[in-house]
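Below is one structure, written out as C-alpha cells, with a few remarks after it.
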There are 2 protein chains.
Amino acid sequence: MPPLPTGAELEILAVLWRLGPSTVREVYAALDKNSGYTTTLKQMQVMTEKGLLTRSERYRSHVYEAVAPMEDTQQQIAGDLLRRAFGGSAANLVLGALKAQPASDEDLAEIRRVLKEFEKRERSR
Amino acid sequence: MPPLPTGAELEILAVLWRLGPSTVREVYAALDKNSGYTTTLKQMQVMTEKGLLTRSERYRSHVYEAVAPMEDTQQQIAGDLLRRAFGGSAANLVLGALKAQPASDEDLAEIRRVLKEFEKRERSR
DNA sequence: AGCTTTCTACGATCTTTCTCGTTGACATAC
DNA sequence: GTATGTCAACGAGAAAGATCGTAGAAAGCT
C-alpha cells in the first residue's frame, strides 16, 4: 500500500486532476505557491520515483500524469482522515466540511444524491 | 492561524478527545503504535509548546488536555482537505468517505440530519 | 559555428517530524 | 537509608519533506 501523498504532493496531484496530463511548467504555473520552478520539478520527479506519477516524452518536454485515478486517491485520503481525525464518524466529517466551506445548493443536492445512491447499494445486501 | 496538526499529533489529539484529560502514560497505552513511551511524551511536550495542549499538575503526574475544542480542529482539517484534495467539492469528500468506510444506518441518518440542519440555516439568509 | 531559450537532472541544504537513550526528581517499599 | 519504580526533562540522532542553485542536453535562431 503506497503511503499517502504529502501536502505538497497533494497540491500537485490536484492540479493534474484538474488539468489532465501536463508538463512541469504548466503545473508550476497553476500552483500559486511562492517556491521556484525547480522545486516543483524536483517534487514531481520524486513522485514519479514513488510511483505516484508517470512520465511520457512529448517532443521536448515531459508530460506527467497521475497514476491512480482521482477517486481512488480521494477515497484513501478520506478513509484515513475518517479514522485518524474523526473517530470513524462520517457525520462529523460532513459537518466539519460544511461548516468550513458552506456548500452551494447544487453541492447539497449532489451530496443527497450520493447518499441515496449509497443507501440503495447498502439495502441490496 | 496555527498550523494543522501532523499525523502523529492527530493521533494523540484523537485519544485525548476520546478519553478526556489524560496522562502521558494513558495516552501512550491507548496508542497502538510501536514506538516508545518517551516518544509520545516528547510529542506531547512539543504540542504543549505549540499551544495545542495544556498541562496541569496532578499529584505526581501531569495531565494533558487539548486546547481547541474537537469541533474546531475537525472543521479546520476538513476545510483544508476539501480545498487541497477535493477541489472544494464536498460531495466528492462525502463520497470518498462513504466508499472508504461504509456508514451504518445511524450514521446515515445522522448525516441526513446534519444536512437538513445546514440547509435550514442556509435558507434563512 | 555560436548564442539563446527551454527543458530535465543532480546534488546540497534547511527545516520539520519522529524517535529514543539517558538523566534526575520524587515517592514508596524494604 | 538504600533500593525500586514512576515520571518528566533534555538532548541527540535519524528520517522525511521542501527548497533552490547549478549544470547539461536539445532545439531554434542569426
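Throughout, a chain's letter reflects where its sequence line sits, starting with A, and its residues are numbered from 1.
- Shown here for B:Glu26 and B:Leu19, the closest heavy-atom pair between the two residues is O-CD1, 4.5 Å.
- Residue B:Arg25 places no side-chain N or O under 4.0 Å from the OP1 or OP2 atom of D:dT6.
- The CD atom of B:Glu49 sits 14 Å away from the C1' atom of C:dT17 (whole-angstrom rounding).
- D:dT6 atom C1' lies 14 Å from atom CD of B:Glu26, rounded to whole Å.
- Residue A:Val24 is classed as a sugar-phosphate contact, given heavy-atom separations below 4.0 Å to backbone atoms only.
- Rounded to whole angstrom, the span from the OH atom of A:Tyr28 across to the C1' atom of C:dT8 amounts to 16 Å.
- Atom C1' of nucleotide C:dT19 and atom CE of B:Met47 are separated by 16 Å, given to the nearest angstrom.
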*Applying side chain to side chain contact (heavy atoms under 4.5 Å, CB included), run through B:Phe118 and A:Val94 and close with a yes or a no.*
CA-CA 11 Å; B:Phe118 179 81; A:Val94 173; over 6 Å; no
*asked:* Using the rule given for side chain to side chain contact (heavy atoms under 4.5 Å, CB included), can you reason through A:Leu41 versus A:Gln45, listing the C-alpha separation, both sets of side-chain angles and the distance that settles it, and then say yes or no?
replied: CA-CA 6 Å; A:Leu41 170 64; A:Gln45 287 174 346; 3.7 Å; yes
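- Using a 4.0 Å heavy-atom cutoff across all strands shown, A:Arg55 reaches sugar-phosphate atoms only and no base atom.
- With respect to the salt-bridge test (charged N to carboxylate O, under 4.0 angstrom), the residues A:Arg113 and A:Glu110 qualify.
- The one candidate from B:Thr48, B:Val27, B:Val15, B:Thr23 that meets the side-chain contact (heavy atoms from CB on, under 4.5 Å) condition with B:Tyr64 is B:Thr48.
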Pairs: protein N or O with nucleotides 17-22 of chain D N or O, under 3.5 Å:
residue : atom : partner : partner atom : Å
D:dA18  : OP1  : A:Ala8  : N            : 3.4
D:dA18  : OP2  : A:Thr6  : OG1          : 2.8
D:dA18  : OP2  : A:Gln43 : NE2          : 3.1
D:dT19  : OP2  : A:Lys33 : NZ           : 3.2
D:dC20  : OP2  : A:Gly36 : N            : 2.4
D:dC20  : OP2  : A:Thr39 : OG1          : 3.1

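- Between B:Leu41 atom CG and D:dG11 atom P there is a gap of 14 Å when expressed in whole angstrom units.
- The interatomic distance linking B:Met44 (CE) with C:dT19 (P) rounds to 15 Å, in whole Å.
- The main-chain N or O of A:Gln43 is never found under 3.5 Å from a side-chain atom of A:Glu9 such that the two would form a donor-acceptor pair.
- Between the side chain of B:Thr40 and the backbone N or O of B:Thr38 there is no donor-acceptor pair closer than 3.5 Å.
- Nucleotide C:dT17 holds its C1' atom 14 Å from the CG atom of B:Leu10, rounded to whole Å.
- For B:Gln45 and D:dA9, the shortest distance from a side-chain N or O to OP1 or OP2 is below 4.0 Å.
- One can place NE2 of B:His62 at 11 Å from P of D:dC10, the figure rounded to the nearest angstrom.
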